[in-house]
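Reckoned from all heavy atoms, side chains included, excluding hydrogens, waters and symmetry mates. Letters go in sequence order (proteins before strands), and every chain restarts at 1.
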Amino acid sequence: MKLSIAWLYPDLMSTYGDRGNVIVLQKRCQWRGIDATIVPITLETQNSELRTCDLIFMGGAQDRQQKLVGVDFLKNKGPVVKEMVEKGIPALFVCAAYQFVGHYYKPYQGEKIEGAGIFDLYTEHPGDQAKRLIGNVVAELSFQLSAISYQRKTIVGFENHGGRTYLGKGLQPLARVIKGFGNNGEDGYEGAVYKNAIGSYFHGPLLPKNPHIADWLIAKALAVKYDKPLVLQALDDSLEWQAHNQML
Amino acid sequence: MQVPTLFIVWACKTLSWISRILRFGTGATWPGEVALRIDPHIFSSFASQFRKGIILVAGTNGKTTTALMIKTILEAQGLKVVYNASGANLENGIVSACIQSANWFGKIDADYGMFEIDENSLSQVLSDMRQETSKNQKLVIVLLNLFRDQLDRYGEVDVIAGKWEKALQATKATIVANADDPLVAHLGLQKKAIFFGINDKTKFLSKMEHATDSIFCLNCGSRLKYEGIYFSHLGIWSCTKCGEKRPKPDISEGKSPLPGLYNLYNTLAAMSVAKSLGLKMDLVGFHPAFGRQEEIGNTKIFLSKNPAGFNQSLRTVLELGAKQLLLVLNDRIPDGRDVSWIWDVDFEIIPKNVSVMVSGDRASDLALRLKYAGIKAKIYENLENALDTKETLYVLPTYSAMLNVRKILTGKKIL
């Protein structure tokens, strides 16, 4: 079996160790004998190449880099990513990418910045004086991770964001916050799930300490590509859970 | 010096003296903190007293080593220097150093103030100094580099570059800037800086490192092109669109007293300062700062606190033939609470025959990162046990971890 993993803007949207997610997806495939290739998708890449991919990852960015990405994502790649997500191709959008796939981002001054509208959500920055939401986070998954046999309900990570994200009525949150702030620090939700795509404020390396999420994405990608349900072979994840449990 | 200021100096000197007698601490930051709370602009009354001038060293990596090199050069010429203790590089550390060296009349007897300065404090210190630096004094600002570091605390690299740009606009200081760092060079180009950089194509990396921050032009936003990269985003660069390019270095030849390409940059920076002051470059008598390639018995310590620095430390210790590595990762305030950055370090370059141990608050995160680099690391919950070896051990710790390592090895935290 084979998987192509699209890494969107690896040179522009990779600020907080985002590469960890891609490494984990690739290795966990390889350890199971699945041939996984990472396909860097950047400003100059053609949409035809993006369309050949089976799984999508997009990470965090600084303001300047996000602006550079802006036009290309909204006009070029965003609509293709939207099509792919609608077809059930699994995707992971973290941090800035999570804000970017919503309807818009409203900074504390200046115009609204349009998003790709893949997820029914929007983000607002409450103002210059509002504190950034920074720190370790623990949350409990609020949706069933089918296709794999994990019993784990928790996810752990680190968040660092000024914007507050609010989900539309029909959009399912990824998890309920146990420790930390999550989407906006008010409603107790963290992240969102739409079809087989996940958005989250857990920035950078979300997958290493949450192997159940990594395997869910891989299993979904294989199921969509080969059009049959399958159970992934179990791996020795003792080190993954040791690091996970330390954060609880 | 005015009477109220003198009173603050007295009070803080007395407190600092009592503190040392009672062993509360060395007083590297808090006497300055107290003084600044009473008079936020107290630095200006010290700044005007340095007979020849003030040198400020800013940048993500290499501040302590570069400052120490400059101090060595100045002292070799018989000049008297006041400097801040390593790590005490906020304004409170600088003011503490001034208070400690002032006499009971608030007078400082020194030729130069030589201060390393935190990325985020540069603008504050400059604005507190501006009016008071007299015409006969020289002000030199060294801009070493900007790498991603503790994003939860410092913010993003571009934000810092923006703050520096603003801070430098009004200053008449001589700027010494790294030509090979596009962010820093862009700032230097606006201020007619003295540039340092490396002209050695044999030192180019064959593959770009992942921890790369600035590969897009600060002037126009287009992609930068590199003839070659030395490490991270440092190299011989040019913009593919607007024509902004790496300035020709004024200083590019030097011999570093320490191994590692990053120390060659520090050396070239120190040489540029010497040149701007018309002084001879003399590094005889230079000893590394604590925790920076410091040797204690069979242990060699290489402070490694962000991806660019960690990659450089790794390359250097492997070149030195390291067979046993101990990586220590803490997530306390001085280290940054966020350890995501370990995924930007290229641990994949560690050869199979090198044994790797991990320790610190977040040892399991590090062991997990190494697992995905194909390395089976041994976790030591107890740092003392990890350090207990007869063989040569290369230790790469984060900041607070470095203090712990030193404490175990020497019985003392700092000096």
query: Within 45 degrees of the axis of the six-membered ring of A/Tyr104 and under 6.0 Å from its centre: does A/Lys112 put its NZ or CZ there?
result: yes
is_close_aromatic(A/Trp241, A/His212), centroid dist under 6.0 Å: yes
message: Can you tell me which portion of A/Thr42 sits under 4.5 Å from chain B's heavy atoms? Options are side chain, backbone, both or neither.
response: side chain
task: Answer with side chain, backbone, both or neither: which region of B/Leu366 has an atom nearer than 4.5 Å to a non-hydrogen atom of chain A?
output: neither
field: side chain to side chain donor-acceptor pair (under 3.5 Å) assessment of B/His233 paired with B/Asp181
entry: CA-CA 7 Å; B/His233 59 268; B/Asp181 182 331; 3.1 Å; yes
task: Applying ring-ring contact (aromatic ring centres under 6.0 Å, His included) between A/Tyr98 and each of A/Phe57, A/Phe93, A/Tyr201, report the one that passes.
output: A/Tyr201
message: Centroid separation under 6.0 Å, is that true for the rings of B/Phe204 and B/Tyr230?
response: yes
- request: Using non-hydrogen atoms and a 4.5 Å limit, figure out which bit of A/Glu44 sits close to chain B: side chain, backbone, both or neither.
  value: side chain
statement: Bottom line for A/Asn136: the part with an atom under 4.5 Å from chain B's heavy atoms is side chain
- request: Name the region of A/Leu68, side chain, backbone, both or neither, that has any atom closer than 4.5 Å to a heavy atom of chain B.
  value: side chain
- line: From the list A/Lys27, A/Lys67, A/Glu240, A/Gln246, the residue making the most non-hydrogen contacts under 4.5 Å with chain B is A/Glu240
query: Looking at B/Asp331, B/Ile342, B/Leu368, which one has more heavy-atom pairs under 4.5 Å with chain A than the rest?
result: B/Leu368
task: Measure centre to centre between the rings of B/Trp341 and B/Phe147, then say whether the value is under 6.0 Å.
output: no
